[in-house]
Student: 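Shown below is the structure under consideration.
To find a chain, count down the sequence lines: A is the first, B the second, and so on, and within it residues start at 1.
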Amino acid sequence: MYHVKKIDSPIMLEINYIEENKAHVIKRLEKRNLHDAADKIEQILAINQQRKETQLALDTASSQVNQITKQIEQLLETKNKEKLESLKAQSRALKTGIKELESQLNRYKDVLQHLLYELPNLPHEKVPIGKDATENQIVYQVENIPLYTKDKLPHWELVAKFDIIDFDLGNKLTGAGFPVYKGKGARLQRALINFFLDEAIKAGYEEIQPPILVNKDSAYGTGQLPDKEGQMYELVNEPLYLIPTAEVPVTNLYRGQILSEDKLPIRHVAYTPCFRREAGSWGSHVRGLNRLHQFDKVEIVQITLPEISYQTLEGMRSYVESLVQKLELPYRVVALCGGDLGFTSAFTYDIEVFSVGQNRWLEVSSISNFETYQANRMQLRYKNSGGFKHLLHTLNGSAIALPRIMAALLELNFVEGKIKIPTILRNYTGFDYIS
RNA sequence: GGAGUGGUGACCGAGCGGUUGAAGGUGCUCGCCUGGAAAGCGGGUGUACCUCUAAAAGGGUACCGAGGGUUCGAAUCCCUCCCACUCCGCCA
């Protein structure tokens, strides 16, 4: 059986913060519309109190045993057998109580760990108030959104017309949500991947090719577990998960590390396929490439000092914007409101491109600052010049997820019966049109 | 799949029942030396939890892959599991 490593420290760090900032924590959690936030926090603190009391009782008893052991050591040479035996008996008697206390303590720790693992990150103060996606705040939008006209086709019609992506073949091989890219469709996708990777490398990100299967420790580290249990594909004969995003393996590269300041910031880019079960989220609005079980994504990850992480977030945002600009796609940037914010994130920007064939915005990138949330779970820290250890901040962003970019790109550039490839991609595709 | 070796601190590496939170080294750090550096010399340098503090200092407990057992006492002995490496086989 696979055993998730129990980590004492992050739990306790976090619990102390909660204890000292109870009102603040509850208020922030309520921003997520977590209505029972106060109850949850009270419950956590109550169990923590019991944990402390048990710890104290256990330490006291253990200390007594240690005292007796020392006395025995001294007595070994004098041959006072009776005294020796009575001390041994005393120690044995204490032992049963110790065992009881130990198992009690472990129970409290387990419960506490579960409760804390199920607590989402605290939203940053700038996160807009709101209950769902409709209340996200648009922070930027291009001025001229292309007009939807009847000659604009949704991408699922275009890809069928030009025979570049085949959903039926995917159904045959695997099932819904696993499309087959063919010919110029495959080449366009590969061109985009290479373009995104090259751009990231130019921007100073180091490329990584991680495993696309990860173990439980990794999935807990970045917070996919326990929150997204059931959303990941899990192997039946090994306790491994197919990654839902490169964020998982790439961030976990640094799990358990104490980095020196001169190594920071860490900047990585990785291209990987991503796998998501998307259980219960299918409907007519997710036709074609809009939602898939397997898709390709280029992901950027940064690990930075806490004091600059929001600057870093802005940098990542403008980097992703530069990509959609170079692809000449109309886009907007939204700040996710409390109700729409992901479980692990403290602040998230979504980049959405306009789909002229569907007359709607499509999310192509999500750029988040997790602050210390993931670092805390992963025990990812740095040592400053004074020798003090602090948790780092982790961030990541899609740069960019392929399917919807592909969809928007095909739809926008379908003019006069053929699809024009954006100038910047032509060196990568080796062709200028799909016709 | 078969056979074997091994998992110790930021890192390398000793220890194989009591004075070991853990030798030695590297790294880091402070001081001396120097015009400055290198070398050299001397000192310091694990983590977490509990307790005590306004805070620090202090006190206690636990931790040598994980879990359990033996013992007054376990890094050291026993059991189970996990992981890594090596050789053979098979295979991209």
Side-chain angles (χ1 to χ4, degrees), chain A residues 1-20 44-45 47-113 116 209 211-221 235 237-240 252-264 266 372 375-392:
Chain A
M1 208 187 86
Y2 189 85
H3 181 259
V4 175
K5 282 198 189 103
K6 224 179 266 169
I7 307 170
D8 260 1
S9 42
I11 300 301
M12 301 318 160
L13 267 172
E14 197 72 344
I15 192 89
N16 286 342
Y17 181 84
I18 293 173
E19 201 153 47
E20 286 160 24
I44 285 169
L45 292 181
I47 287 171
N48 190 42
Q49 193 51 40
Q50 288 179 296
R51 188 202 110 236
K52 284 183 182 178
E53 283 162 18
T54 312
Q55 179 76 251
L56 183 60
L58 173 63
D59 287 356
T60 308
S62 301
S63 179
Q64 283 168 10
V65 168
N66 289 344
Q67 290 303 321
I68 292 170
T69 300
K70 276 186 191 141
Q71 287 179 46
I72 289 176
E73 275 174 35
Q74 287 165 357
L75 277 176
L76 280 176
E77 291 171 17
T78 74
K79 302 193 170 158
N80 190 338
K81 255 196 160 173
E82 280 169 39
K83 186 80 194 272
L84 212 62
E85 285 312 315
S86 97
L87 284 173
K88 286 186 185 180
Q90 270 182 54
S91 184
R92 271 195 294 267
L94 282 165
K95 202 72 184 265
T96 53
I98 284 176
K99 281 209 177 133
E100 184 52 40
L101 288 168
E102 266 177 352
S103 66
Q104 225 175 77
L105 184 64
N106 281 333
R107 278 199 296 276
Y108 288 136
K109 281 185 177 176
D110 280 348
V111 173
L112 205 53
Q113 184 167 48
L116 287 170
Q209 285 190 17
I212 59 175
L213 286 168
V214 293
N215 60 27
K216 279 194 174 168
D217 282 340
S218 297
Y220 270 98
L235 301 199
N237 49 2
E238 297 277 346
L240 297 174
N252 272 283
L253 291 174
Y254 298 92
R255 170 152 45 88
Q257 295 225 316
I258 298 172
L259 301 169
S260 62
E261 264 183 86
D262 56 7
K263 294 250 168 61
L264 300 169
I266 293 203
T372 58
N376 182 43
R377 291 175 166 228
M378 285 193 291
Q379 276 301 77
L380 165 54
R381 292 170 294 174
Y382 73 101
K383 206 188 250 184
N384 71 7
S385 46
F388 289 104
K389 294 183 189 82
H390 297 288
L391 293 169
L392 285 160

Student: Does A/R381 have a side-chain nitrogen or oxygen under 4.0 Å from the phosphate oxygens OP1 or OP2 of B/A48?
Tutor: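 True: A/R381 side-chain N/O within range (under 4.0 Å) of B/A48 OP1/OP2.
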Student: What interatomic distance, in whole Å, is found between P of B/G42 and the corresponding atom of B/G24?
Tutor: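 Pairwise P distance, B/G24 against B/G42, rounds to 13 Å.
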Student: Would you mind telling me which of B/U51, B/U61, B/C72 lies closest to the side-chain atoms of A/I72?
Tutor: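 Looking only at heavy atoms from C-beta outward on A/I72, the closest nucleotide is B/C72.
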Student: Set out, in order, the CA-CA distance, both residues' side-chain angles and the distance that settles side-chain contact (heavy atoms from CB on, under 4.5 Å) for A/L264 and A/L392, then state yes or no.
Tutor: CA-CA 10 Å; A/L264 300 169; A/L392 285 160; 3.5 Å; yes
Student: When the P atoms of B/G21 and B/A74 are compared, how many Å lie between them, rounded to an integer?
Tutor: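 Nearest-Å result for B/A74 against B/G21 at atom P: 12 Å.
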Student: Taking atom P in both B/A14 and B/G65, compute the distance separating them and give it to the nearest angstrom.
Tutor: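 Nearest-Å result for B/A14 against B/G65 at atom P: 14 Å.
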Student: In this structure, which stretches of RNA chain B are paired as stems of three or more consecutive Watson-Crick or G-U pairs, both distances less than 3.5 Å?
Tutor: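 The stems that RNA chain B takes part in, listed by first number, are B:1-7 with B:82-88, B:10-12 with B:24-26, B:27-32 with B:40-45, B:46-51 with B:58-63, B:65-69 with B:77-81.
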Student: When you measure from the side chain of A/S86 to the backbone N and O of A/K83, does any donor-acceptor pair fall under 3.5 Å?
Tutor: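 Yes, the answer is positive, given that a donor and an acceptor are paired below the 3.5 Å cut-off.
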Student: Taking the side chain as C-beta and beyond, is there a heavy-atom pair between A/L94 and A/I68 under 4.5 Å?
Tutor: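 A side-chain contact under 4.5 Å exists here.
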Student: In whole Å, what separates the C1' atom of B/C63 from that of B/U20?
Tutor: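 Nearest-Å result for B/C63 against B/U20 at atom C1': 13 Å.
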Student: Quiz question: by atom type and distance under 3.5 Å, do the side chains of A/N215 and A/S218 form a donor-acceptor pair?
Tutor: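 Indeed, the side chains of A/N215 and A/S218 share at least one donor-acceptor pair under 3.5 Å.
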Student: Using a 4.0 Å heavy-atom cut-off across all strands, classify A/I68 as base, sugar-phosphate, or nothing.
Tutor: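 The answer is nothing, as A/I68 stays clear of every strand by at least 4.0 Å.
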Student: Whole Å only: how far is the NZ atom of A/K70 from the P atom of B/G73?
Tutor: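 Computing the A/K70:NZ to B/G73:P distance gives 15 Å.
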Student: Between A/L58 and A/A89, which is nearer to the 5' end of RNA chain B once each is assigned its nearest nucleotide?
Tutor: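 Comparing both residues, the 5'-ward one is A/L58.
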Student: Taking all non-hydrogen atoms of both residues, which atom of A/I98 and which atom of A/A61 are closest, and how far apart?
Tutor: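 Reported closest heavy-atom pair: CG1-CB, 3.7 Å.
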Student: Students often get this wrong, so: under 4.0 angstrom with heavy atoms, is A/K83 touching a base, only sugar-phosphate, or nothing?
Tutor: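 Here A/K83 touches no strand at all.
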Student: Measure CG/A/L84 against C1'/B/G18 and give the value in whole Å, please.
Tutor: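 That distance rounds to 13 Å.
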Student: Can you measure A/E73 atom CD to B/U71 atom P for me and round it to whole angstrom units?
Tutor: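 From A/E73 CD to B/U71 P: 18 Å.
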Student: Specify the separation, in whole Å, of atom NE2 of A/H390 and atom P of B/U47.
Tutor: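 Rounding to the nearest Å, NE2 of A/H390 and P of B/U47 are 13 Å apart.
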Student: Mind calculating the distance between NZ (A/K52) and C1' (B/C50) to the nearest angstrom?
Tutor: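 That distance rounds to 9 Å.
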Student: OP1, OP2 of B/C50 versus side-chain N and O of A/R51: anything below 4.0 Å?
Tutor: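 Yes, such a contact exists.
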Student: For A/Q209, is the CD atom crowded, meaning more than 12 foreign heavy atoms sit under 6.0 Å from it?
Tutor: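 Counting neighbours around CD of A/Q209, 12 or fewer heavy atoms of other residues, nucleotides or ligands fall under 6.0 Å, so no.
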Student: Just how far, in rounded Å, is C1' of B/U71 from NZ of A/K99?
Tutor: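 Atom NZ in A/K99 sits about 11 Å away from atom C1' in B/U71.
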Student: Say you pick atom C1' in B/C81 and the same atom in B/C28; how far apart are they, in whole Å?
Tutor: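 B/C81 and B/C28 have their C1' atoms separated by 37 Å.
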Student: Minimum heavy-atom separation for A/L56 to A/T60, with atom names?
Tutor: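 Here A/L56 and A/T60 meet closest at O-OG1, 2.7 Å.
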Student: Would you kindly give the CG-to-C1' distance between A/D217 and B/G65, to the nearest whole Å?
Tutor: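 A/D217 atom CG is separated from B/G65 atom C1' by 12 Å.
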Student: Of all heavy-atom pairs between A/I47 and A/Y108, which one has the smallest distance, and what is that distance?
Tutor: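 Shortest heavy-atom contact: CG2-O, 3.9 Å.
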Student: How would you label the contact of A/S91 with the nucleic acid (heavy atoms, under 4.0 Å): base, sugar-phosphate, or nothing?
Tutor: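 It contacts sugar-phosphate atoms only.
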Student: Is the phosphate of B/G73 approached by A/K95 (side-chain N or O, under 4.0 Å from OP1 or OP2)?
Tutor: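 For A/K95, the contact criterion (side-chain N or O under 4.0 Å from OP1 or OP2 of B/G73) is met.
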Student: Are the side chain of A/T54 and the backbone N or O of A/Q50 linked by a donor-acceptor pair below 3.5 Å?
Tutor: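 Yes.
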Student: Whole angstroms only, please: what is the CG-P distance between A/N106 and B/C63?
Tutor: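 It is 12 Å, rounded to the nearest whole Å.
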Student: Could you give the distance separating B/A84 and B/C90 at their P atoms, to the nearest angstrom?
Tutor: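 Their P atoms lie roughly 23 Å apart.
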Student: Taking N or O atoms only and anything under 3.5 Å, show me the protein contacts with nucleotides 54-60 of chain B, one pair per line.
Tutor:
| unit_1 | atom_1 | unit_2 | atom_2 | d |
| --- | --- | --- | --- | --- |
| B/G60 | O3' | A/S63 | OG | 3.3 |
| B/G60 | N2 | A/D59 | OD2 | 2.9 |

Student: Minimum heavy-atom separation for A/R51 to A/L105, with atom names?
Tutor: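 For A/R51 versus A/L105, the nearest heavy atoms are O-CD1, 3.6 Å.
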Student: I need the minimum non-hydrogen distance between A/A93 and A/T96, along with the two atoms involved.
Tutor: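 It is O-OG1, 3.0 Å.
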Student: Between B/G9 and B/A22, how far apart are the two P atoms, rounded to whole Å?
Tutor: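 Here B/G9 and B/A22 have their P atoms 15 Å from each other.
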Student: With C1' as the reference atom in both, quote the distance from B/G4 to B/C91 in angstrom, rounded to an integer.
Tutor: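 So the two C1' atoms sit 22 Å from each other.
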